[in-house]
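Okay, here's the structure, questions in a sec.
From a predicted model like this one, the values you see are computed outputs, not experimental measurements.
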Protein chains: 2
Amino acid sequence: MNSPKRAASKEPRPVKSAAITADLPTATALKLWVVLARSHDALVEVLKADIERHDLTLAEFAVMEALYHKGPQLLGEIQKRILVSSGGMTFLVDRLAKRGLAERRACPSDRRARYAALTKKGEKLMRSIFPEHAAVIQGAMMGLKQSEQRELTALLKTLGKEAARLAAETPACKAALAEQE
Amino acid sequence: MNSPKRAASKEPRPVKSAAITADLPTATALKLWVVLARSHDALVEVLKADIERHDLTLAEFAVMEALYHKGPQLLGEIQKRILVSSGGMTFLVDRLAKRGLAERRACPSDRRARYAALTKKGEKLMRSIFPEHAAVIQGAMMGLKQSEQRELTALLKTLGKEAARLAAETPACKAALAEQE
DNA sequence: GATTAGTATCTCAGTAGTGAGAGGATTATA
DNA sequence: TATAATCCTCTCACTACTGAGATACTAATC
């Protein structure tokens, strides 16, 4: 076996760890994190399999989807939206351009900036791919009723907002603060 | 700027896409996917920042955590648990071994298999790191009340189970079925 | 105008991780 | 026994990404 894919094992889990069961609120949060990570991974696997049929990586697809739904955008805008590094952004657009799916366009008012946009070919591809892909997503969510999906969305939104706030505080701030001696 | 981190932008989102608003159940599912992915990413960022303080990648930490909580295990068991490839598993244990945090042990009953286990040093490190890490997780989840966290966990579990079932069906099966002519 | 800070992209060296396949060991079947 | 099938790990070539810094431009302040 090479890739892990789904484990068929029954999760024996006979031992309960002292460290985890130590204190209830912590245990609840840890459990939530594990379950969230696992369902996310399972979904990613399903979606990735769908997208790879068209020889696209998830990141490439994310770029194309952003362009498809929001139109031409600055590289930096897409970068923030799909959360890749600046180097990765350049790389992704390069690759899509090489395949004739996207292209760069100059920004008339700011010569530093470049727009990325879908080519005709890229748009045609998205028009044929996207509905299928949406159907796959819908299929992957079928474990939950629509009302449950909406409830889940609301909860995740709250969770995500708080986590994002926290993440924005943390990153290079320590270094920055440290340098202010 | 190099890495994207959190976008401070207000998500203008003036245009509603025809493709997305086309049909309600699909729209619900797509929305859920976006929100799930975003909160997952935000959490990963927070946790990663915490773990990197100790010069560990998330994957290395995952291995150590598995060993810490479940004791010595076959490489294959860990692999299934943390979902990395077989090559990645070897690589991860190598790196932990090089740093003296983990070690390989022969399996007495099966000479193909190797156990991975924490060294004294690795266990000591986990004892000092893990409680902090658990606190960070708990902190990242503070946007939700405990009851909400439990509700969210339940919904995600159902979702994840169905998605995992779907993922297990899909992967190489097409190829396999195709070969049976 | 000159200087400084800020912003947007690109370059490039480096890295974590993948996955096909090999090798060696075990188990099942004939 | 053979021998076939299966299992567990490791090797290795490869790839998608990262992130520090470079480059090129714009904006703000003197």
State which of C/dC10, C/dG19, D/dA24 makes the closest approach to the side chain of A/Leu75.
-> C/dC10

For the residue pair B/His40 and A/Trp33, categorise the inter-ring angle as parallel (less than 30°), tilted (30 to 60°) or perpendicular (more than 60°).
-> parallel

Measure from the side-chain heavy atoms of B/Ser86 and tell me the nearest of C/dA20, D/dT18, D/dT6.
-> C/dA20

How close or far is atom C1' of D/dT9 from atom CD of B/Gln73, stated in whole angstroms?
-> 16 Å

Establish, from distance only, whether the side-chain atoms of A/Thr28 and B/Gln149 form a donor-acceptor pair under 3.5 Å.
-> no

Length of the line joining A/Lys80:NZ and C/dT7:P, which is rounded to integer Å | 9 Å

Could you check if a side-chain atom of A/Ile129 sits within less than 4.5 angstrom of a side-chain atom of A/Leu56, using non-hydrogen atoms only?
-> yes

Short N-O contact, A/Glu162 and A/Arg165, less than 4.0 angstrom | yes

Out of D/dC17, D/dT18, C/dG17, which nucleotide sits closest to the side chain of A/Arg95?
-> D/dC17

5'-most contact on DNA chain C: A/Val93 or A/Arg112, nearest heavy atom basis?
-> A/Arg112

Taking atom C1' of C/dT18 as reference, at what distance in whole Å does atom CG of B/Asp94 sit?
-> 16 Å

Roughly, in whole Å, what's the span from CE in A/Met89 to C1' in C/dT11?
-> 16 Å

Kindly point out which of D/dA16, C/dT26, D/dT9 is positioned nearest to the side chain of B/Arg114?
-> D/dT9

How would you label the contact of A/Gly76 with the nucleic acid (heavy atoms, under 4.0 Å): base, sugar-phosphate, or nothing?
-> sugar-phosphate

Please tell me which of the listed nucleotides, C/dA25, D/dC10, C/dG17, lies nearest to the side chain of B/Thr57?
-> C/dG17

Could you state the atom-to-atom distance from CG of A/Leu56 to C1' of D/dT15 in whole Å?
-> 15 Å

Looking only at D/dT9, C/dA25, C/dT9, the nucleotide nearest the A/Leu74 side chain is C/dT9

Please figure out whether A/Ser109 or A/Gly88 has its closest DNA chain D nucleotide nearer the 5' end.
-> A/Gly88

Per nearest nucleotide of DNA chain D, the residue lying toward the 5' end, A/Arg111 or A/Leu92, is A/Leu92

Between the CZ atom in B/Arg99 and the CG atom in B/Leu96, the distance rounded to the nearest 0.5 Å is 7.5 Å

Would you kindly give the CD-to-P distance between A/Glu60 and D/dA16, to the nearest whole Å?
-> 7 Å

Whole Å only: how far is the CD atom of B/Gln79 from the C1' atom of C/dG19?
-> 11 Å

Please give, in whole Å, the distance from D/dT15 C1' to B/Phe91 CZ?
-> 14 Å

